[in-house]
Protein chains: 2
Amino acid sequence: KKFQVSLPLISIFKEKKNNQEVKKLIHSIKVGIALVLVSLLYLLNPLYKQVGDNAMWAIMTVVVIFEFYAGATLRKGFNRGIGTVLGGGLGCLAAAFAQQVGGIGNAIVVGFSVFIFGAAATYSRLVPRIKRSYDYAAMIFILTFNLVVVSGLRAENVLALARERLSTIVMGFAVCIFISLLVFPTWASDELHDSIASRIEDLARSIEGCSAEYFNSVGEKRNCSSANSNSYKSLLHSKAKDESLVNFAKWEPWHRKFGFSYPWEKYLKIGDVLRDLAATILSLQGCLQSPIMSSETLLQSIKEPYTVIGSSLAWTLRELGESIKKMKKCQSENLMVQKLKSMTLELSQVKTLSTIGQMENADGLAIAS
Amino acid sequence: KKFQVSLPLISIFKEKKNNQEVKKLIHSIKVGIALVLVSLLYLLNPLYKQVGDNAMWAIMTVVVIFEFYAGATLRKGFNRGIGTVLGGGLGCLAAAFAQQVGGIGNAIVVGFSVFIFGAAATYSRLVPRIKRSYDYAAMIFILTFNLVVVSGLRAENVLALARERLSTIVMGFAVCIFISLLVFPTWASDELHDSIASRIEDLARSIEGCSAEYFNSVGEKRNCSSANSNSYKSLLHSKAKDESLVNFAKWEPWHRKFGFSYPWEKYLKIGDVLRDLAATILSLQGCLQSPIMSSETLLQSIKEPYTVIGSSLAWTLRELGESIKKMKKCQSENLMVQKLKSMTLELSQVKTLSTIGQMENADGLAIAS
């Protein structure tokens, strides 16, 4: 029977995986095309006469900026933009000041400013808030500032140099944005939305599966399949992934489905609640595996209420998952709260301690949604 | 009383934080010094005559490679080395081949190779195993390959160009490694070691604190202080940080304390077990907050065994934490196993279901260490 159950699960998993593979392939091809496009700056004579060796910076920009998700590309491009403009501007100022000083003082001013700005920007990269959002901008700031300020010692015209480099960087950026956003875009917002919805569905399925397996199996070795526990653990450690997806999703306002002020933070909250729920289910499984519960009479007495509660919890989760997936207000809200209340009552009669924690989490979920 | 307890805790926390701040400051100053050193390639005339504008690549290398932990710097430098050498080598070959073809075919071969190698390397960056260890190498490969192969169209002597750039990159790398490893190095291995040891200590303290607070408080609102739950959550989500620290620690074989074949993977395992334990304690707290347990007689009957078990669990954890911290074999191993066994017995008499899960985890911990 287990084999039958797991077959459709595997095929769903395979389909998901194939979907991911196709996305990865498309992304690779897009990067290849973008690289060829910026290489045209070298390959075509009229273009090369315009930009010269600065074409290098366009290639560098494409290689460094082009990320898997459209939002990530935008975010990195924006960071690179800020860093380049700030670093270039301050670098020009510092170089001009150093030239005013002149002589040996010139080199000293340059060296001193390199140290001060380099150390300050590096320190700012270690501040958590800046690290989260502007780490890359700070790095590019250090790089651009340094290159501009030391080039000021050698190049005749720093401003012209900076302008030329900036224009090729803008070309690279334009190619990236064009291809990333308009040709088969991969949206982080879609990914986040789908993963939250399917996670709720997974939890519902595992609550049902756990209770069914536990009560239907005979003999001493009552057990919730521990094969599940791996998927729980990946769910428990999904926080970092969620956070980065939210960071990218915020940069995707052009995406038809979600619009400009979509509440991405709520996805983080729902994710937190789901992780709590998964942790509770996991420790519930631990309790069920302990030998104390094995007295048959006790088991039979709690079998019915527990199964009912399990299935109605799963139903509640499914409703919530559906409503998130379809982006509609949950229709059966009142019914849900009623069911949850009656479950709490029933549970306090059964007095199985460990199930309570689970209940409270599900309650929290209903409130959070 | 709570105020008294929390004061030393806060001061420990502050000390830890100050320690981190000092490390951050030192790191920033080190980066500043490294930047000034590579800027000397521009600032000093004799050096500039040697390397020319390629000095740019030394600056770029320092900005990009210099990371907070010594191991991270080594790892990134190694990645950059592989990527540059592979990309440069293949780029030279492709450029030579394209020159053989000649004429309009030249540009076509270059464009085609840019697409193929760019797309293939981008795809490899999305494969989880490569992403984990060689993501940066693949990116540098794409960058170097592209720059070399398109420069082959314009520059007279690609090999000389590649050699000059490589030599400045090596200079930048040497400066980074020298400063990162020899001047007040920040070791990822130390950080990982200390954080695991202090996490065990934290858990021990919270087990004691929880049971004391629960049984000593009077009236209806029996509660484990929920202020703790935040520290649990940060513990629960420490997996990603642990993994990256292990990845860096492996690159720090020169670190006196740990040597060449230190078992870093075991730290990951211990971290997993600690996370399981924290999850169990968290759900135990959830169970304790439920109103069912509040009958005073029941509470009084389990108070003594529970307190004993809590304190001996905490003792076990402390012993383990000490032995990890001091890197010594745990002396009291036999006594520990005995205690744990007698606790299991006692618990099965008390028959408080929810504590069992906790026990099993602690048992696992004793085995894992």
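Labels below follow one simple rule: chain letters A, B, ... track the order of the sequence lines, proteins then strands, and each chain is numbered from 1. FYI, side chains are in, hydrogens and waters are out, and symmetry mates aren't considered; it's all heavy atoms of this structure.
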Toward chain A, the part of B:I116 with a non-hydrogen atom under 4.5 Å: neither
Looking at A:V63 and B:R125, what are the two nearest heavy atoms and their distance? O-NH1, 4.3 Å
Residues B:F115 and A:G32: closest non-hydrogen pair is CD1-C, 3.4 Å
Go through B:K30, B:M60, B:R275 and name the one with the most non-hydrogen pairs under 4.5 angstrom from chain A. B:M60
Engaged part of B:F68 at the chain A interface, taking heavy atoms whose separation is under 4.5 Å: side chain
Output the option from A:N146, A:I142, A:V62 having the highest count of non-hydrogen pairs under 4.5 Å with chain B. A:N146
Is B:K239 in contact with chain A via its backbone, its side chain, both, or neither, using a 4.5 Å heavy-atom distance? side chain
Correct closest heavy-atom pair for A:S28 and B:L126 would be OG-CD1, 4.5 Å
If you count the non-hydrogen atoms of other residues, nucleotides and ligands that lie under 6.0 Å from CD in A:Q50, is the total more than 12? no
Most heavy-atom pairs under 4.5 angstrom with chain B, which of A:S39, A:A240, A:G118? A:S39
Heavy-atom distance under 4.5 Å to chain B: side chain of A:V36, backbone, both or neither? both
Separation between CG (B:L143) and CG (A:L35), nearest 0.5 Å, reads 9.5 Å
Residue pair A:L25 / B:Y123, side-chain heavy-atom distance below 4.5 Å: yes
